[in-house]
There are 2 protein chains.
Amino acid sequence: MERRRRSAEPLTLERIVEAALVELDASGADGVSLRGVARRLGVHVTSLYNHVPSKPALLDAMVDRALSGITPPDPHAPWQERVRTLAVDFYQALAAHPALIPVLASERGRPTSPGLFAVMEAALTCLSDAGLSPSHQVSAFRGFLAMVMGLVITHTRGAESTLEAAELAWREAGMAGLSTERQALMALAPYFLSTRPAADLEFVLDTWLAGLGHLGAADTPARKDRGT
Amino acid sequence: MERRRRSAEPLTLERIVEAALVELDASGADGVSLRGVARRLGVHVTSLYNHVPSKPALLDAMVDRALSGITPPDPHAPWQERVRTLAVDFYQALAAHPALIPVLASERGRPTSPGLFAVMEAALTCLSDAGLSPSHQVSAFRGFLAMVMGLVITHTRGAESTLEAAELAWREAGMAGLSTERQALMALAPYFLSTRPAADLEFVLDTWLAGLGHLGAADTPARKDRGT
DNA sequence: ACCTGAACACCGTTCAAGT
DNA sequence: ACCTGAACACCGTTCAAGT
């Protein structure tokens, strides 16, 4: 067998990003440290600085990498179908690394890879095809991003534990007198436990697309009123 | 004048949370440190541990405090109006401390104050009044939270800078050959700059409510097809 | 060109004292 | 009961050496 080398492969940005994503999945957003990544690669911390200028830059690269799998949908498909495809792809890319959301939510994590702008372009084209005004296309695009990112947040935080925290708080506070005030919550408790993320995403997309069709299509007859 | 006291007022959890929110707004989510909060209060770091057990617990308390201003809307108003009121209140509470979103998005920041559960109850009642099935009420509730949180993220990250980053990346990559592929993005550039957060929220709520009305009302005639 | 190691100014948290 | 200060095991980042 050959003499032990410093490392099996040369240190590259790609290997660093890969190791950082492994650490992210294992330890959460707060658990990612350059020292930990270096340890995982069998390398001294300061060696990383030969390939990445700072920790924020590494976080940017991680976001880029995690979202790089998304590709624009078939442009010949109906726009509703394209929106669905994009939403599901985006959701899955984020859900694969949910700890990336705090990174996206902070000022860091600005993706700059050209591939993502192609996806952005595809999403905007869908909304243009939906018959929205330019300003509404922008609002719908932001709403689209918001919806998917937000759903990953709510699913990651765990609907179960939110409900558990609620019950716990009630018991600790001993608020039996308010029981009539939490009828809806109590009645829905089992559904909070049984309704899966995929069902949420599907319902939200159904609602979103129905609303877009309703607002975007000028030939919809249900918009008679003006004043109220 | 009296002898200089250690501090003008006694150290309390409330004062600590208040100082932490000031530090959050000034320095971002990553900039909040117990040492910094203690410095701001003119107190030794370890004194904080007499009032709060850990940094995660402080972050929870900060979320609770930031959302404590939201109150349930008038239950006699139409459900659509109640949804709008709740969304705007929730949005504004988050937008007042946008750096709180990364906290919410991580495993930390679980609100436990009873007042928030009253708000949760009110939101669920709206969706019940909208005629949704229990499972759809849960999905709609999660979508509602997702939408507002996500919008704050997109607005905080800044649509302008996203666009600037896009233009910069294009120029750096020198992708003039792909110019036909980014028609929608180029055409919408001025609207990305001019469309305000309030307009996004309004459009998203309009779309959301139109879609909910469309899906929730069984007497809507536009749902004829079944197979496709 | 790339890796090492010491060093700097920070962290959160624990613990023994003080009052 | 509450505040202090030293101490511990961490951080990100810089810089002078090494090869």
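Residue numbers start from 1 in every chain, and the chains themselves are labelled A, B, ... in the order their sequence lines are given, proteins ahead of strands.
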Nucleotide forming a Watson-Crick or wobble pair with C/dA6, both distances under 3.5 Å = D/dT14
Give the rounded distance in Å between these two atoms: [atom1] of [X] and [atom2] of [N].
| X | N | atom1 | atom2 | value |
| --- | --- | --- | --- | --- |
| A/Asp30 | C/dC11 | CG | P | 15 Å |
| B/Leu58 | C/dG12 | CG | P | 10 Å |
| B/Leu34 | C/dG12 | CG | P | 4 Å |
| B/His44 | C/dT13 | NE2 | C1' | 12 Å |
| B/Ile16 | D/dC2 | CD1 | P | 11 Å |
| A/Leu13 | C/dA1 | CG | P | 18 Å |
| A/Arg39 | D/dA9 | CZ | P | 14 Å |
| A/Asn50 | D/dT14 | CG | P | 13 Å |

For the pair A/Asp206 and A/Arg84, find out whether any cationic side-chain nitrogen is under 4.0 Å from an anionic carboxylate oxygen.
-> yes
Backbone N/O of A/His155 and side chain of B/Arg142: donor-acceptor pair under 3.5 Å = no
Side-chain (A/Glu23) to main-chain (A/Val32) donor-acceptor, under 3.5 angstrom = no
Which one, [options], comes nearest to the side chain of [X]?
| X | options | answer |
| --- | --- | --- |
| B/Val43 | D/dT4, C/dC3, C/dT13 | D/dT4 |
| A/Lys55 | D/dC11, D/dG12, C/dC3 | D/dG12 |
| B/Tyr49 | C/dG12, D/dT13, C/dG5 | C/dG12 |

Heavy-atom donor-acceptor pair, A/Thr46 side-chain to C/dG5 base, under 3.5 Å = yes
Could you say whether A/Ser54 or B/Arg35 is positioned toward the 5' end of DNA chain D, judged by the nucleotide with the nearest heavy atom to each?
-> B/Arg35
Think B/Ser47 has a side-chain N or O under 4.0 angstrom from the OP1 or OP2 of D/dC2?
-> no
Determine: side-chain N/O of B/His51 to OP1/OP2 of D/dA1, distance under 4.0 Å, yes or no.
-> no
Report the relative orientation of the aromatic rings in B/Trp208 and A/Phe203; use parallel for angles under 30°, tilted for 30 to 60°, perpendicular for over 60°.
-> perpendicular
Roughly how far, to the nearest 0.5 Å, is CE of A/Met147 from OG1 of B/Thr154?
-> 11.5 Å
